[in-house]
Structures are given as C-alpha cells and as structure tokens.
There are 2 protein chains.
Amino acid sequence: MPRGNGRGPAWWHGRFRGCGYRVTVGREAILEVLTKADKHLSAEDIYMKVHAVYPAIGLTTIYRTLEILVNLGLVLKFDFGDGRARYELAEGSKRSTHHHHLICTNCKRVVDYTDFIDDEIELLHRTEKGLSEKYNFAITNHLIQFYGLCDRCKKKK
Amino acid sequence: MPRGNGRGPAWWHGRFRGCGYRVTVGREAILEVLTKADKHLSAEDIYMKVHAVYPAIGLTTIYRTLEILVNLGLVLKFDFGDGRARYELAEGSKRSTHHHHLICTNCKRVVDYTDFIDDEIELLHRTEKGLSEKYNFAITNHLIQFYGLCDRCKKKK
DNA sequence: ATTTAAATGGAAATGATTTTCATTAACAAA
DNA sequence: TTTGTTAATGAAAATCATTTCCATTTAAAT
C-alpha cells in the first residue's frame, strides 16, 4: 500500500530528496493543498490556502515550489487564457485522473472531461512516437484543450 | 480567384466592416505582416515589422488589432510557455495550413508539424461533437501541443 | 551540536499586456 | 467634396502575475 495516505513520509519525499531538494514545512503544505484540491488552482489560490495554516509562508515560496514540482513532473501547469497559470497534480502522483479541458472563451469557466480520453490517449501515443522519431524530440507531455462558449454564455450572445 | 493577392480590397475587409470595424492603414499593415510571415509571431515581432514600414503605428495598436482578429477567428493566439503570446493566421484565412506544435520545454523552440494531422483532426471532430452535446458547449476551436526536449537540449542534459 | 548550502520572505524589479485620454482619421450622410 | 459622428490611435501611465535580490533562517549531513 502506498505511503502518504495519513501519517508517515509522503510519497513525494523520496523523489524530492533524490533530486537534492529539501523537504520543508512550506513544501509539505503546498503538496497537501494540491493533493486535497484535486482541481486546478492558481498560485494565489494555493497561497491563500497555505497561508491559512502557515501564515509565515510567502507567495514567492509558492511560485518557487511550483516551479520545482512542474519540472519534476509531479504537477502540471496550464494556461486557460485569463492571465494566470493554473496547477494540478499530475496523473499518477495520486488522486488525479487523466483528463483534458474544455474552456469557455467568454467567462473562462473550465470543465474537466474524461470522456473519450481513452481514444485520445491512444492516438496521442501513436502520434508522440511518430513525432519523436521524425523530429528527434524526447516527448514528455501533451496538452489538449477545447475552446468554445459554455451553456450560459451561449445564451447571452 | 480570391482577392487580396496583390492590389484591391483584401479578403478580410468585408469581414471587418461587417462587424463594424474600420479598415485602417495600421490594420492593413498588421494583416499583411501576418499573411507574409506564415509562422507564429509575438506582438513585438509584428510591431517591429510594421514599424519598419509605418513608424507611426504603436505597439498598443498591434495589441488592439490582434485582439479583434483573434475574436473574429482570423488569427490564433498561442502560449508556448515563455511568457509572451504568439499569433498566426487561422487556417482558411489564407496561406496557413492546419498544424500543431511541438515545443521544447528547455529552449522553447517550436516545431510546427502537419504529420498525423488527419488522424488527429478526425478524432478531434468526433470528440468535439460528443463534448458539445454532453456539456452543452459551442466548441469553436481546439489546441494540441506536445512538449519535450529537442535534439540539442537532449544532448546537453 | 556544528556546519553549510539550500530555502525563505519581503521588497523591489520585471515585463508583457491594458487602460486612459486627448487627438486623429474613417467613412456615412449631405 | 465637405461635414459630422464615432471609432481608432499613440504615448504615457497603470496593471498585475511572476521573478529577482539579498539578508536571514533552516534542513539535514557530519
């Protein structure tokens, strides 16, 4: 049974130390927020949640930690077009299921969907393979987003 | 034969006027740069090219015009993760062929690819249909990007 | 307990994009 | 063509998410 469900060293500690990073209170808090949230959050969202428990931790630390997490592949960073990045745990890290995003270009609402994901993933892997051979890239990730007008915004127009 | 290849009113004039927008020298210049460039450019890239011919046109106008063009669907706006948006003519507007992007997460180099596009598009359309029904979105667009390390950056690591 | 480099916070800097506002220009109407 | 209305414009200032700086704190190896 994997660690990190309750007490004890969390699942990411090893990964962190292995890369020469230290485990700190702030980092614990940030990971905990991300794990609990299980949906995309902005740096400021995370800051506020962390701040409620550890007021000493600053926004700068949030950004610095997120950068590390993204580089380690533990967290995914998204741009939904409203000028601030969003973060969420990567698949496999724990809770989060692989999903893609459906974004309203008017109100910026974001819907996570998992429908059709299997077909998408299958094709993506095939494409990934072809691309990495042809262009000599080591592909590590992909992004799929759909844009349009949501229910509400459709009516207003 | 479509207009806008040499002299005469360009293909987008009607579209522009129809939406209540005026055709101005600056807008002509911006569209011309976009049409000639046929690859993603930042607002500043466009500004510099336009500025070379019409020094009177400011960066503000570039941003304002790009916003209109994106809203009209004539231009696509991308985020490659280096902090500045890139713009390119939408498919069908003219020159540009539908393609997707392969981005080096290290040096931010971007490769446009058209390989596998047909398969991708086919799947996307199917997914789009399913999504718009299930979530009641009017889907107008999609984004696919692959991330990884390019040739050069792979070696350096 | 000691040591040392990594991590931190807070303030200042950055830098792309937006907003403001007084002026200019597009173009519909006469 | 001249005129009137209103959108479009440039320059400068404002915004605002994210980064950088630097003096101080702290994780964790010894």
Side-chain angles (χ1 to χ4, degrees), chain A residues 9-10 12-31 33 40-48 50-72 75-87 105 108, chain B residues 9-10 12-31 33 40-48 50-72 75-87 105 108:
Chain A
W12 52 274
H13 285 191
R15 185 75 189 288
F16 239 66
R17 291 233 179 71
C19 293
Y21 295 117
R22 293 176 181 175
V23 172
T24 67
V25 175
R27 289 170 179 182
E28 298 253 28
I30 292 167
L31 259 300
V33 165
H40 45 266
L41 296 173
S42 66
E44 184 122 19
D45 289 338
I46 297 169
Y47 170 68
M48 289 188 299
V50 168
H51 195 262
V53 184
Y54 300 98
I57 289 163
L59 185 54
T60 308
T61 296
I62 307 291
Y63 277 108
R64 278 188 292 226
T65 302
L66 286 171
E67 189 185 3
I68 292 172
L69 292 170
V70 169
N71 286 337
L72 289 179
V75 164
L76 300 174
K77 180 179 182 179
F78 293 97
D79 166 43
F80 296 147
D82 66 346
R84 57 183 54 187
R86 304 303 162 108
Y87 302 84
T105 50
K108 313 298 180 193
Chain B
W12 52 274
H13 285 191
R15 186 76 191 286
F16 239 65
R17 292 232 179 73
C19 293
Y21 295 118
R22 293 175 181 175
V23 173
T24 66
V25 175
R27 290 170 178 180
E28 297 254 26
I30 292 167
L31 259 301
V33 165
H40 46 266
L41 296 173
S42 67
E44 183 121 21
D45 290 338
I46 297 169
Y47 171 67
M48 289 189 298
V50 168
H51 195 263
V53 185
Y54 300 98
I57 289 162
L59 184 54
T60 309
T61 295
I62 307 290
Y63 277 108
R64 280 189 290 227
T65 301
L66 287 171
E67 189 185 2
I68 292 171
L69 292 170
V70 169
N71 285 337
L72 290 180
V75 164
L76 300 174
K77 180 177 182 177
F78 293 97
D79 166 43
F80 296 146
D82 68 345
R84 57 182 53 186
R86 304 304 160 107
Y87 302 85
T105 49
K108 312 297 180 193

For the [atom1] atom of [X] and the [atom2] atom of [Y], what is their distance to the nearest 0.5 Å?
{"X": "B:E44", "Y": "B:Y47", "atom1": "CD", "atom2": "OH", "value": "8.0 Å"}
{"X": "B:H40", "Y": "B:L76", "atom1": "NE2", "atom2": "CG", "value": "12.5 Å"}
{"X": "A:D79", "Y": "A:R86", "atom1": "CG", "atom2": "CZ", "value": "9.5 Å"}
{"X": "B:M48", "Y": "B:L41", "atom1": "CE", "atom2": "CG", "value": "9.5 Å"}

Between [N] atom [atom2] and [X] atom [atom1], what is the distance in whole Å?
{"X": "A:F80", "N": "D:dA17", "atom1": "CZ", "atom2": "P", "result": "16 Å"}
{"X": "B:E67", "N": "D:dT9", "atom1": "CD", "atom2": "C1'", "result": "15 Å"}
{"X": "A:H13", "N": "D:dA27", "atom1": "NE2", "atom2": "C1'", "result": "12 Å"}
{"X": "B:Y54", "N": "D:dA8", "atom1": "OH", "atom2": "P", "result": "18 Å"}
{"X": "A:D79", "N": "D:dA17", "atom1": "CG", "atom2": "C1'", "result": "12 Å"}
{"X": "A:L66", "N": "C:dT8", "atom1": "CG", "atom2": "P", "result": "12 Å"}
{"X": "A:I57", "N": "C:dG10", "atom1": "CD1", "atom2": "P", "result": "11 Å"}
{"X": "A:I62", "N": "D:dT19", "atom1": "CD1", "atom2": "C1'", "result": "15 Å"}

Between [X] and [Y], is there a donor-acceptor pair closer than 3.5 Å when you use the side chain of the first and the backbone of the second?
{"X": "A:N71", "Y": "A:I68", "answer": "no"}
{"X": "B:R15", "Y": "B:L72", "answer": "yes"}
{"X": "A:R27", "Y": "A:T65", "answer": "no"}

Over 60° means perpendicular and under 30° means parallel, so tell me whether A:F78 and A:F80 are parallel, tilted or perpendicular. parallel

What residues, two or more places apart in sequence or in another chain, satisfy salt bridge (Lys or Arg N to Asp or Glu O under 4.0 Å) together with A:R64? none

Under 3.5 Å between N/O atoms: give me all the protein pairs with nucleotides 14-17 of chain C, atom names plus distance.
{"unit_1": "C:dA16", "atom_1": "OP1", "unit_2": "B:R84", "atom_2": "NH2", "d": "2.4"}
{"unit_1": "C:dT17", "atom_1": "OP1", "unit_2": "B:A85", "atom_2": "N", "d": "2.9"}
{"unit_1": "C:dT17", "atom_1": "OP2", "unit_2": "B:Y63", "atom_2": "OH", "d": "2.4"}
{"unit_1": "C:dT17", "atom_1": "O5'", "unit_2": "B:Y63", "atom_2": "OH", "d": "3.3"}

Which letters describe nucleotides 24-30 of chain C, given B = protein heavy atom under 4.0 Å from base, S = only from sugar-phosphate, - = neither? -BBS---

Pairs under 3.5 Å (N/O, protein and nucleotides 20-24 of chain D):
none

Looking at residues at least two apart in the chain, or sitting in another chain, which of them share a side chain to side chain contact (heavy atoms under 4.5 Å, CB included) with A:T105?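 If we apply the side chain to side chain contact (heavy atoms under 4.5 Å, CB included) test to A:T105, skipping adjacent residues, the hits are A:Y147, A:L149.
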
Could I get the full list of side chain to side chain contact (heavy atoms under 4.5 Å, CB included) partners for A:I57, not counting sequence neighbours? A:V50, A:Y54, A:T61, A:I62

